[in-house]
There are 2 protein chains.
Amino acid sequence: MTKARRSLLHVLEQASEPLSVSALLQHPDVSCNQATVYRSLHYLEQRGYLDSFVLHCTDHGTERYYSCTKEQAEHSHWFHCTACHRFIDLGACLMKEDLKRWEQQYGFTVSDHTFFLTGVCATCKESTSSTD
Amino acid sequence: MTKARRSLLHVLEQASEPLSVSALLQHPDVSCNQATVYRSLHYLEQRGYLDSFVLHCTDHGTERYYSCTKEQAEHSHWFHCTACHRFIDLGACLMKEDLKRWEQQYGFTVSDHTFFLTGVCATCKESTSSTD
DNA sequence: GCTAATTTTGCAAGTCATTCGCATTCCTGC
DNA sequence: GCAGGAATGCGAATGACTTGCAAAATTAGC
Ligand SMILES: [Mn+2]
Ligand SMILES: [Mn+2]
Ligand SMILES: [Zn+2]
Ligand SMILES: [Zn+2]
């Protein structure tokens, strides 16, 4: 584990939400080159340390977001607020059963799944309604 | 409804799976400029005629895929085979209940959700096992 | 029908996330 | 210390998507 990889993993471990490459590059504890960030994230994800998904949001465009797999392959799904751009953790993935059912029904093997929600969070709904 | 928009909508109505912009541009019935394709797809999606999601696959990179909303806002979710790159329709979305539950639990309002599976389809599993 | 205003389109250039080639630096084992 | 392989930085390239602008098409007013 090199310095660059360790720093990225550490930042993502501390993070309360998935982070994009641009967010990681701005983080004070990440001091390596952008190409190194991309290469390190690939490395870490391939080894099962990280989990990622691509999310498009009008304000930030299309970016891949990374988070730590809490404990060996466990992962969460997220809600993304299109107003404040925060993520809300929906808790551990509960799709194992459904995936198995679909695999049996269609004969395919699922190697990955992507699921997330977008909308407006409670806080942003309040501030919008009171202001406008 | 202009000629460009009509042709795109028609191609997507006939399609059995979501299509990317590059696939649409290659389609014989689509004869307009790439910028027009993008602008038309935005137009059609905003009006509720289309549904889309961003999918990354190693062979094709990151692209947005479009499909028709069968009947006024009904939509499917899909399995994507990373070997033959075909999509399998998982049927109409059954997440209404879950979304409502999450909205109540966290107080946010969900305006959109993304869900899809990736893996290897039955056909590709066979041909792989018999060849290698 | 005929002209002016509005919308849509094509083209070319621009943007932005991500990748790649290559030279330099780092690390590891001897 | 030194050689060899891996990792990094830098800058250029890639590819999806967007945008500015002028030409073409559609619509509205008469
Ligand atoms: Mn965002
Ligand atoms: Mn594909
Ligand atoms: Zn918010
Ligand atoms: Zn297949």
Side-chain angles (χ1 to χ4, degrees), chain A residues 1-12 17-47 49-67 80 82 85 87 112 114 116 118, chain B residues 1-12 17-47 49-67 80 82 85 87 112 114 116 118:
Chain A
M1 187 73 62
T2 68
K3 201 169 72 169
R5 291 169 186 166
R6 196 170 18 249
S7 71
L8 287 165
L9 191 53
H10 188 251
V11 167
L12 286 166
E17 58 178 22
L19 297 178
S20 65
V21 169
S22 58
L24 286 165
L25 279 168
Q26 286 177 246
H27 193 286
D29 294 357
V30 174
S31 57
C32 56
N33 185 269
Q34 143 182 311
T36 303
V37 170
Y38 279 103
R39 289 191 279 233
S40 300
L41 292 172
H42 289 162
Y43 176 94
L44 292 168
E45 185 168 22
Q46 203 165 357
R47 300 291 188 294
Y49 296 112
L50 301 181
D51 205 24
S52 77
F53 58 91
V54 177
L55 180 149
H56 174 92
C57 127
T58 312
D59 292 352
H60 292 100
T62 304
E63 285 185 295
R64 188 172 282 272
Y65 289 80
Y66 291 86
S67 54
H80 181 69
T82 53
H85 304 285
F87 284 88
D112 201 13
T114 297
F116 58 81
T118 55
Chain B
M1 187 74 61
T2 68
K3 200 170 73 167
R5 292 169 185 168
R6 197 172 18 250
S7 72
L8 288 165
L9 191 53
H10 188 252
V11 167
L12 287 166
E17 57 179 22
L19 298 178
S20 65
V21 169
S22 58
L24 286 165
L25 280 168
Q26 285 178 245
H27 194 286
D29 295 357
V30 173
S31 59
C32 55
N33 185 268
Q34 145 182 307
T36 303
V37 171
Y38 279 105
R39 288 190 279 232
S40 300
L41 292 172
H42 288 162
Y43 175 95
L44 292 167
E45 185 168 23
Q46 203 166 357
R47 300 289 190 293
Y49 295 110
L50 301 181
D51 205 23
S52 77
F53 57 92
V54 177
L55 180 148
H56 173 93
C57 127
T58 313
D59 291 353
H60 291 99
T62 304
E63 285 185 295
R64 187 173 284 271
Y65 290 80
Y66 292 86
S67 54
H80 180 69
T82 53
H85 304 286
F87 284 88
D112 200 12
T114 298
F116 58 81
T118 57

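Sequence lines set the chain letters: A, B, ... in the order given, protein chains first and strands last, and positions in each chain run from 1.
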In whole angstroms, how far is the C1' atom of D:dA25 from the CZ atom of B:Arg6? 13 Å
First and last nucleotide of DNA chain C in contact with chain A, 5' to 3', at under 4.0 Å to a heavy atom: what are they? C:dA17 to C:dG21
Given side chains that start at C-beta, do those of A:Val21 and A:Gln34 come closer than 4.5 Å, heavy atoms only? no
Rounded to whole angstrom units, what separation is found between the CG atom of A:Leu25 and the P atom of D:dG9? 11 Å
Below 30° counts as parallel, above 60° as perpendicular, anything between as tilted: where do the rings of A:Phe53 and A:Tyr65 land? parallel
What distance separates A:Leu8 CG from A:Thr36 OG1, expressed to the nearest 0.5 Å? 9.0 Å
Identify the heavy atoms of A:Leu24 and A:Val30 that sit nearest to each other, and give their distance. O-CB, 3.2 Å
To the nearest 0.5 Å, what is the distance between OH on A:Tyr66 and CG on A:Leu12? 9.5 Å
In B/S/- notation, 5' to 3', how is nucleotides 10-20 of chain D contacted by protein heavy atoms closer than 4.0 Å? B-----SBBBB
NE2 (B:His85) and CD (B:Glu17) are apart, to the nearest 0.5 Å, by 11.5 Å
Output all residues satisfying ring pair (Phe, Tyr, Trp, His ring centres under 6.0 Å) with B:His10, sequence neighbours left out; order by chain, then residue number. none
Whole-Å gap separating P (D:dT8) and NZ (A:Lys3): 10 Å
Cation-pi check, A:Arg47 onto A:Tyr43 ring (under 6.0 Å, within 45° of axis): yes
